[in-house]
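To keep things clear, I will list the structure first and then write my remarks on it.
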Amino acid sequence: MTSNSSREEALQQAAKHAPDYLNDLKELVRIPSVSFPGFDPSQVRASAAATAKLLERRGFEHVQLLEIADAHPYVYG
């Protein structure tokens, strides 16, 4: 179970970095990518690549852009 102090620390961290997180989100939504048949797959791949870079910048470990046949790419971290 999470202690109140841990919860408070997490909330303080989120508040402190809220502008950075908002900028991260703005960066991602600028990439036109919609996961449906007929949409330019290079844009979906660009969105996945940008997400992978973001996760790496934010300290996630083992970040990978994964691709399988007949599916859009996805990101693991």
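What you see is a predicted model, and the numbers here were worked out from it, not measured in a lab. Below, each value reflects all heavy atoms present in this structure, side chains not excepted, and no hydrogens, waters or symmetry copies.
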For this session: I would like to know whether D20 and R58 meet side-chain contact (heavy atoms from CB on, under 4.5 Å); could you show each step before the answer?
Result: CA-CA 10 Å; D20 297 326; R58 293 291 174 209; 3.4 Å; yes
Side chains of residues 66-77: which donor-acceptor pairs under 3.5 Å do they make with residues two or more places apart or in other chains?
unit_1	atom_1	unit_2	atom_2	d
E67	OE1	R45	NE	3.4
E67	OE2	R45	NE	3.4
E67	OE2	R45	NH2	3.1
H72	NE2	S35	OG	3.4

Exercise. How would you list, by chain and number, every residue that makes a side-chain hydrogen bond (donor to acceptor under 3.5 Å, both in side chains) with D40, sequence neighbours excluded?
Worked result: S42
Exercise. With S33, which residues qualify under side-chain hydrogen bond (donor to acceptor under 3.5 Å, both in side chains), at least two apart?
Worked result: S47
For this session: For residues A50 and I31, report the shortest heavy-atom separation together with the two atoms involved.
Result: CB-CD1, 3.5 Å
For this session: Taking all non-hydrogen atoms of both residues into account, name the closest pair between A15 and P19 and its distance.
Result: O-CD, 4.3 Å
Exercise. Linking Ile, Leu, Val, Met, Phe, Trp and Tyr by side-chain heavy atoms under 4.5 Å, what else ends up with L54?
Worked result: L28
Exercise. Could you give all pairs that pass the ring pair (Phe, Tyr, Trp, His ring centres under 6.0 Å) test and reach residues 37-71, with sequence neighbours left out?
Worked result: F36-F39
Problem set entry | By salt bridge (Lys or Arg N to Asp or Glu O under 4.0 Å) - contacts of E27 (at least two apart) | R57
Problem set entry | Approximate separation, where rounding is to 0.5 Å, of E9 CD and Q13 CD | 9.0 Å
